[in-house]
2 protein chains.
Amino acid sequence: MPRRNGMGAAWWQGKFKGCGYRITLSREAIIDVLTKANKHLSAEDIYMRVHPKYPNIGLTTIYRTLDILVNIGIIFKFDFGDGRARYELVENTKGLNYHLHLICVNCNRIIDYTDYIDDVIELIDQIEKGLSLKYNFKITNHTIQFYGFCKECAGKE
Amino acid sequence: MPRRNGMGAAWWQGKFKGCGYRITLSREAIIDVLTKANKHLSAEDIYMRVHPKYPNIGLTTIYRTLDILVNIGIIFKFDFGDGRARYELVENTKGLNYHLHLICVNCNRIIDYTDYIDDVIELIDQIEKGLSLKYNFKITNHTIQFYGFCKECAGKE
DNA sequence: TCCTTCATGAAAATGATTTCCATTATTAAT
DNA sequence: ATTAATAATGGAAATCATTTTCATGAAGGA
Ligand SMILES: [Mn+2]
Ligand SMILES: [Mn+2]
Ligand SMILES: [Zn+2]
Ligand SMILES: [Zn+2]
């Protein structure tokens with residue numbers, strides 16, 4: 001179900017318009033897919049889900065829209081090291097990219113670590129504080145990913 | 001100082017031969033560059049340093065040799081998110097990729113965090129232990145990088 | 001030496017993402 | 001509503017790091 005606010009406008013449209021972008025069918029379709037999708041979609045994943053219903057929306061538009069969405073903070077862009085970027089609604093990540101990913105190197109399953117994340121956030125903050133002080137480096141962002149074997153794939157090394 | 005063992009053979013040649021690879025001029029030149037280099041060289045960086053002395057060594061050979069070196073554990077391969085891989089001697093990293101990188105998004109300087117790393121390693125281990133237990137996921141590897149502004153670039157945001 | 005295997009370089013292929021460019025849709029001004 | 005200015009679009013072509021292909025040149029063993 002598309003989330004709508006009291007005004008009948010979809011939740012994201014305010015921010016979108018506020019940044020000077022127009023609301024078009026293509027963009028609605030793309031955000032709709034992201035909203036409904038489980039997670040971690042690549043540009044082509046999105047293209048393939050949009051295409052049956054809107055065969056005239058091109059990959060280029062997908063990329064352009066994703067760029068905008070990243071820039072205005074509606075989605076995050078992740079690089080899991082397989083050569084294609086993945087995108088995920090900020091909403092799903094609870095607005096933090098302190099949200100960690102476990103990536104199975106065997107089946108490529110991606111597990112979100114979101115529960116009890118507070119302890120982890122605290123540890124990361126601790127690390128960042130240490131690094132900042134020691135190197136006089138102002139950290140604005142980070143990349144933290146863990147690779148290995150998921151429950152189903154353990155023992156298949 | 002070039003590391004050599006008692007036998008006069010370069011430090012890496014044993015491992016290299018032991019894995020069934022031949023020792024060639026190209027490979028010596030490439031490892032030599034990596035040994036002398038400050039750090040974090042891309043394939044093309046290496047190519048450009050090798051080329052003046054050995055103009056007949058091609059980029060393809062650089063890539064192939066780097067692949068081998070990664071596989072036998074002589075170098076690490078890093079992805080700093082700028083679209084090209086970087087390589088660094090395992091020796092320089094003290095044999096651990098618990099070695100962290102601070103990447104300046106303004107000047108692209110890469111700072112190694114190697115001092116007092118024990119505390120950080122302990123924190124990361126702690127995180128990994130928690131993740132492993134909770135998700136029954138066997139972690140074999142990770143990617144941890146911090147982005148921001150270095151001392152020289154602070155205030156240029 | 002003869003032979004099998006490995007190594008190499010040049011050129012072509014790859015594949016995700018970008019750029020170009022001509023066309024269309026949307027908004028703003030009249 | 002017409003018109004003018006601006007933004008959005010899709011398809012084709014360009015990018016660019018890395019891989020593959022393929023024909024040729026070493027190196028080592030019997
Ligand atoms: Mn996620
Ligand atoms: Mn390093
Ligand atoms: Zn798995
Ligand atoms: Zn800097």
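The chains referred to below are lettered A, B, ... by the order of the sequence lines, with proteins before strands, and numbering in each begins at 1.
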Next on the checklist: Distance check needed: D:dA17 P versus B:L66 CG, whole Å only.
Outcome noted: 15 Å
Checklist entry - Reckon B:S42 touches a base, only the sugar-phosphate, or nothing at all at heavy-atom distances under 4.0 Å? => result nothing
Checklist entry - Which part of the nucleic acid, if any, lies within reach of A:T60 when heavy atoms closer than 4.0 Å are counted: base, sugar-phosphate only, or nothing? => result base
Item to check | Pairwise 5' ranking along DNA chain D for B:K77 and A:Y47, keeping only the more 5' one | outcome: A:Y47
Item to check | Between D:dA12 (P) and A:L59 (CG): distance, integer Å | outcome: 13 Å
Checklist entry - Atom CG of A:N56 and atom P of D:dA8: how far apart are they, to the nearest Å? => result 17 Å
Next on the checklist: Classify B:R22 by what it touches in the nucleic acid, base, sugar-phosphate, or nothing, heavy-atom distance under 4.0 Å.
Outcome noted: base
Next on the checklist: Could you tell me how far apart B:R64 (CZ) and D:dC22 (C1') are, to the nearest whole angstrom?
Outcome noted: 11 Å
Next on the checklist: Output the rounded distance in Å from CZ (A:R84) to P (D:dT18).
Outcome noted: 17 Å
Next on the checklist: Students should find this one: the first and last nucleotides of DNA chain C, 5' to 3', lying under 4.0 Å from a heavy atom of chain A. What are they?
Outcome noted: C:dA16 to C:dT27
Checklist entry - OP1 or OP2 of D:dA8 sitting under 4.0 Å from any side-chain N/O of A:R27? => result yes
Next on the checklist: Are A:Y87 and A:L69 packed together at the side-chain level, in the sense that at least one heavy-atom pair is separated by less than 4.5 angstrom?
Outcome noted: no
Item to check | A:I57 CD1 - D:dG11 P separation (whole Å) | outcome: 11 Å
Next on the checklist: What is the distance, to the nearest angstrom, from the OH atom on A:Y21 to the P atom on D:dA7?
Outcome noted: 11 Å
Item to check | Side-chain donor/acceptor of B:S132 to backbone N/O of B:E128, under 3.5 Å | outcome: yes
Item to check | A:R109/A:E152 ion pair, N-O < 4.0 Å | outcome: yes
Checklist entry - Within the distance-only criterion (no hydrogens, no angle test), does the side chain of A:D125 pair as donor or acceptor with the backbone N or O of A:E122 below 3.5 angstrom? => result no
Checklist entry - Between B:D82 and B:T24, which is nearer to the 5' end of DNA chain D once each is assigned its nearest nucleotide? => result B:D82
Checklist entry - Within the side chain of B:T35, is there an N or O that forms a donor-acceptor pair under 3.5 Å with the backbone of B:I31? => result yes
Next on the checklist: Check whether A:K15 reaches the backbone of A:I72 with its side chain - one donor and one acceptor, N or O, closer than 3.5 Å.
Outcome noted: yes
Checklist entry - So, A:D32 side chain and A:A29 main chain: donor-acceptor pair closer than 3.5 Å or not? => result no
Checklist entry - Between D:dA17 atom P and B:D79 atom CG, what is the distance in whole Å? => result 13 Å
